[in-house]
S.K.: 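Below you will find the structure I want to go over with you.
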2 protein chains.
Amino acid sequence: MRFSDEMARKAQKTAKRPVRRRTEIGKSAPKRRNMRAADRERAIVDEAIRFFAEHGFEGQTRELAKRMGITHSAIYRHFPSKEALIERVYQEVYLSRWSPDWGPMIRDRSLSLEARLTRFYLDYAARVFEYNWVRIFVFSGMKSFGITGRYLDIIRREIIEPAAAELRHDLKLPDAKTHPLGERETELFWGLHGRIFYLAIRKFIYETPIPPDLDAIVRDAVQTFMDGARATMPRLLVRD
Amino acid sequence: MRFSDEMARKAQKTAKRPVRRRTEIGKSAPKRRNMRAADRERAIVDEAIRFFAEHGFEGQTRELAKRMGITHSAIYRHFPSKEALIERVYQEVYLSRWSPDWGPMIRDRSLSLEARLTRFYLDYAARVFEYNWVRIFVFSGMKSFGITGRYLDIIRREIIEPAAAELRHDLKLPDAKTHPLGERETELFWGLHGRIFYLAIRKFIYETPIPPDLDAIVRDAVQTFMDGARATMPRLLVRD
DNA sequence: CGCATTTGTGACCAAATGGTCATTTTCTGT
DNA sequence: ACAGAAAATGACCATTTGGTCACAAATGCG
């Protein structure tokens, strides 16, 4: 069978320029549309985000292209390689999920720390609890490109450590500048963060149901956390 | 180039039975070892667990085989397909990470609930915080085979709900049998669980450093949680 | 309108990949 | 020690997959 396959292919190759008629007889043709480069690029990125979120980065360019009604070759006109497309997807997804307000929000002492944390996590959940984001985040983590690490650094710097410092202030404990934050203190806040993010994992990674009223859960989480932290924090300072 | 390739292959195919001498001249040969079927099967499964944990289930059987010093064909003597191997890996990994003691431990009223939760999560962390387990768990979750769901069901039934019921008893609130557990109550405990598991995710999925003294963090987590839960729980009962 | 430029296509390639099988090598029981 | 059973190999296959390229179809614009 091998040989005739080969022959068939050669034959096909030789018979060049097959008459490709766009309009079938008596049928209004579904014209092929050429998009401007910039638009097509956007369209590809958008679809790629959805596609890779579902299938992981091993998903095939051909299938991705089919979903958009184009050929995979068209993708390669706009992106030099699959790697480059993936890199672009990272860029888009990561950049769109951080609000510059969040850092200041944590430090804004016109509200109680509990209120600030509640506002932040309500906002955070609203923005981050999305299929595409969560799955691409985790997929990229598993491929270990160091990208997730960079994102977590931001969270630590902008949320975790400031919040821990604020709790010190709240409880009238020594300032973080004189007594540096201990690991167990910051872990308290990583705990709150993990608790919230674990909801997203349950929903989008394990695809297990979570309560419909997410806001209530977030509020409860912050409240419970603050009650607990107020009790635990002084102990940590003594023992650290 | 295509054609001569083809020819070369055919030629090779024709020249059958190449003299394969095991011992090079004057060299002690590294003998090939035949293992008994059962042993080889175990060896394959063990290596596959490590391999798939690293590379995900798209990892190639050839590479897996190479790591064991055998050919990928040998794998197919012991497993009918890659799918079957993966299925077996699931079995092994999931089964080995649940202790029958855990359910009873939560219900054992000879210790305080806080002590029970501490014991459980210390034990849980010791058993579950392992590269292979965590990654295969998450990988399988992303492929959505419903396996992770089954595992979470066990956690809910054996840990989350019993623990919530115990907290009711602890706080002298109405029994769970007369007042069924509310979603927000069980979410409290999912919160604790998520908080702990998020440590594993940070370590093995994001590959970000976590504190070396995991036990201290677990203790703090349970303590903070209990302090918070004692304050929050009564509110939930009223509002639910 | 007409054509140069841009966008998209389909055939093709090479390497990878899951899987099969005839043959060879090793092992075990007698 | 040796024959038959069991284990392992390597050549092979079909299909998949990232990527290229010559050519065809749309489109902007003078």
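Throughout, a chain's letter reflects where its sequence line sits, starting with A, and its residues are numbered from 1. Everything numeric here is computed off the predicted structure, so don't read it as measured data.
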S.K.: Under the criterion side chain to side chain contact (heavy atoms under 4.5 Å, CB included), I'd like the reasoning laid out for A/His55 against A/Glu63: C-alpha separation, chi angles, the key distance, then a yes or no.
M.R.: CA-CA 10 Å; A/His55 298 79; A/Glu63 208 193 315; 3.7 Å; yes
S.K.: Ignoring backbone atoms, establish whether A/Arg36 has a side-chain N or O less than 4.0 Å from OP1 or OP2 of C/dT7.
M.R.: no
S.K.: Taking any heavy-atom pair under 4.0 Å as a contact, classify A/Arg62: base, sugar-phosphate, or nothing.
M.R.: base
S.K.: Where the side chain of A/Lys82 is defined as all heavy atoms beyond and including C-beta, which of D/dA11, D/dG18, C/dT7 is the nearest nucleotide?
M.R.: D/dG18
S.K.: If the cut-off is 4.0 Å, is B/His72 near the phosphate of D/dG10, judged by side-chain N/O to OP1 or OP2?
M.R.: no
S.K.: Only one of A/Phe137, A/Phe52, A/Phe57 forms a ring pair (Phe, Tyr, Trp, His ring centres under 6.0 Å) with A/Tyr90, so which one is it?
M.R.: A/Phe57
S.K.: For a quick test of reading the model: is some side-chain N or O of B/His78 closer than 4.0 Å to OP1 or OP2 of D/dA8?
M.R.: yes
S.K.: Using heavy-atom distances to pick each residue's nearest nucleotide on DNA chain D, tell me which of A/Tyr76 and A/Asn34 is more 5'.
M.R.: A/Tyr76
S.K.: Side chains of B/Tyr124 and B/Ile159: closer than 4.5 Å at any heavy-atom pair?
M.R.: no
S.K.: Have a look at A/Thr61 and say if it touches a base, only the backbone sugar-phosphate, or nothing, with a 4.0 Å heavy-atom cut-off.
M.R.: sugar-phosphate
S.K.: It should be established whether B/Arg77 places a side-chain nitrogen or oxygen under 4.0 Å from OP1 or OP2 of nucleotide D/dA6.
M.R.: no
S.K.: Closest to the A/Ser73 side chain: D/dT9, C/dA11, C/dT7?
M.R.: C/dA11
